[in-house]
Amino acid sequence: MRQASQRAEDWPLDVVVFDLETTGLSPAKDGIVEIGALRIVGGQLDETLKFETLVRPTDAEGRILPIHWRAQQVHGISDQMVQSAPTIAQVLPEFLDFVGDSAVVAHNIGFDGGFMRANAARLGLNWRPAAELCTVQLSRRTFPGERAHNLTVVAERLGLTFAPGGRHRSFGDVQVTAQAYLRMTERLRQG
């Protein structure tokens, strides 16, 4: 997948920013429990162009997966909350339509992109965004002297705040990631 280069002008201003919450860390063994996404158009965040859904997690065979208590501690999403949610087989085609041929952005794209690739492959679908861009990498370029680049720290550096209850929920994280992406690309363009 194409990554953006070091040059600030190569970071696109028309992208889909997305975030996943999952049952664990392995795309091979764990399932997606929530997807949130926002579209940036012409360098402007458009919150009317959003995608947000809970997902009933399933394994590679389509069996329902329980949400491990450790994962619940992180994102607060319980088995009861996703009991009537659609499965990834129902949600993913719609999400792929939402993304279309856009580049995608995520905080730690390796994680989110890995889950998208694994789930698309299982369902016979294609995860082929124009590019996969990572705000962790963008933060390293924007703040080269800093060691920490997790989303909470990046938000603090940029003066961004999460909506109440929004941290570690897909849509709350996407709102901050999208704003961080815009602010960091602007800094790089000016610098």
Side-chain angles (χ1 to χ4, degrees), residues 1-5 7-22 27 31-55 75 77 85-142 149-151 154-155 158 160 162-163 166-189:
M1 190 55 54
R2 184 178 74 78
Q3 297 282 327
S5 74
R7 299 177 339 162
E9 58 271 14
D10 289 338
W11 289 81
L13 296 178
D14 292 293
V15 297
V16 171
V17 183
F18 79 105
D19 183 74
L20 306 176
E21 299 303 332
T22 65
I32 296 169
V33 297
E34 188 174 45
I35 301 173
L38 279 170
R39 192 171 283 282
I40 294 174
V41 180
Q44 299 294 315
L45 180 58
D46 188 341
E47 291 213 18
T48 66
L49 300 175
K50 69 179 183 176
F51 186 96
E52 181 180 16
T53 187
L54 287 170
V55 180
H75 50 58
I77 300 169
T87 65
I88 196 66
Q90 297 165 306
V91 169
L92 193 54
E94 185 181 342
F95 181 65
L96 293 176
D97 285 344
F98 180 81
V99 171
D101 60 358
S102 297
V104 294
V105 174
H107 200 76
N108 189 3
I109 191 67
F111 179 84
D112 297 274
F115 269 88
M116 296 310 295
R117 277 187 293 286
N119 281 276
R122 280 184 208 128
L123 297 169
L125 302 170
N126 291 314
W127 171 250
R128 291 188 189 159
E132 290 185 349
L133 309 168
C134 184
T135 51
V136 173
Q137 296 303 319
L138 184 57
S139 177
R140 288 182 178 139
R141 291 177 184 150
T142 307
H149 298 280
N150 67 61
L151 189 54
V154 170
L158 296 169
L160 302 172
F162 293 88
R167 183 66 177 113
H168 295 296
R169 289 299 302 266
S170 289
F171 197 70
D173 284 356
V174 158
Q175 289 174 307
V176 170
T177 301
Q179 292 174 55
Y181 179 81
L182 290 171
R183 289 190 185 183
M184 289 187 292
T185 56
E186 180 62 27
R187 281 182 181 217
L188 291 175
R189 282 182 170 83

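Numbers here simply count residues along the sequence, with the first being 1.
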- All heavy atoms of Phe18 vs all of Val174, minimum pair found to be C-CG2, 3.5 Å
- What residue among Val176, Leu133, Thr177 forms side chain to side chain contact (heavy atoms under 4.5 Å, CB included) with Val17? Thr177
- Task: List the atom of Leu123, the atom of Leu92, and the distance in Å for their closest heavy-atom pair.
- Result: CD1-CD2, 3.9 Å
- Message: For a 4.5 angstrom cut-off between non-hydrogen side-chain atoms, does Leu138 reach Val154?
- Response: no
- Note on the structure: Looking only at heavy atoms, the pair that brings Leu54 and Ala85 closest together is O-CB, 3.7 Å
- Query: When rounded to the nearest 0.5 angstrom, what is the spacing between CG in Asp19 and CG in Leu151?
  - Reply: 8.0 Å
- d(His149 NE2, Arg141 CZ) to nearest 0.5 Å is 11.5 Å
- Note on the structure: Gly114 and Pro27 have their tightest heavy-atom pair at O-CB, 3.7 Å
- Non-hydrogen side-chain atoms of Val16 and Phe51 separated by less than 4.5 Å: no
- Counting only heavy atoms not in Glu94, do more than 12 sit closer than 6.0 Å to its CD atom? no
- Would you say Gln44's side chain and Val41's backbone share a donor-acceptor pair under 3.5 angstrom? no
- Message: Check whether Arg169 reaches the backbone of Gly36 with its side chain - one donor and one acceptor, N or O, closer than 3.5 Å.
- Response: no
- Message: Could you check whether any side-chain N or O of Glu21 sits under 3.5 Å from a backbone N or O of Glu34, counting only pairs where one atom can act as donor and the other as acceptor?
- Response: no
- Item | Donor-acceptor contact present, side-chain Arg39 to main-chain Phe98, <3.5 Å | yes
- Message: If I compare all heavy atoms of Ala180 with all of Leu160, which pair ends up nearest, and what's the gap?
- Response: N-CD1, 3.6 Å
- Atom CZ of Arg183 and atom CG of Leu158: how far apart are they, to the nearest 0.5 Å? 6.5 Å
- Spatial distance of atom CD1 (Ile35) from atom CD (Glu52) [nearest 0.5 Å]: 11.5 Å
- Item | N/O donor-acceptor pair under 3.5 Å between Thr185 side chain and Tyr181 backbone | yes
- Message: If I take atom NE2 from residue His107 and atom OG1 from residue Thr135, how far apart are they, to the nearest 0.5 angstrom?
- Response: 4.5 Å
- Look at the side chain of Asp46 and the backbone N and O of Ile40, then say whether any donor-acceptor pair between them is shorter than 3.5 Å. no
- Exercise: identify the closest heavy-atom pair between His168 and His75: O-CB, 3.0 Å
- Query: Within a strict 4.5 Å, meaning less than it, do heavy atoms of the Ile109 and Gln137 side chains meet?
  - Reply: no
- Message: Looking at Asp97, I'd like to know if its CG atom is crowded, meaning that more than 12 non-hydrogen atoms belonging to other residues, nucleotides or ligands lie closer than 6.0 Å.
- Response: yes
- So Val99 and Trp127, side-chain contact (heavy atoms from CB on, under 4.5 Å) or not? Walk me through it. CA-CA 9 Å; Val99 171; Trp127 171 250; 4.3 Å; yes
- Message: Quick check for you: to the nearest 0.5 Å, what is the distance between Asp112 atom CG and Arg117 atom CZ?
- Response: 10.0 Å
- Is any side-chain heavy atom of Phe95 closer than 4.5 Å to a side-chain heavy atom of Ile32? no
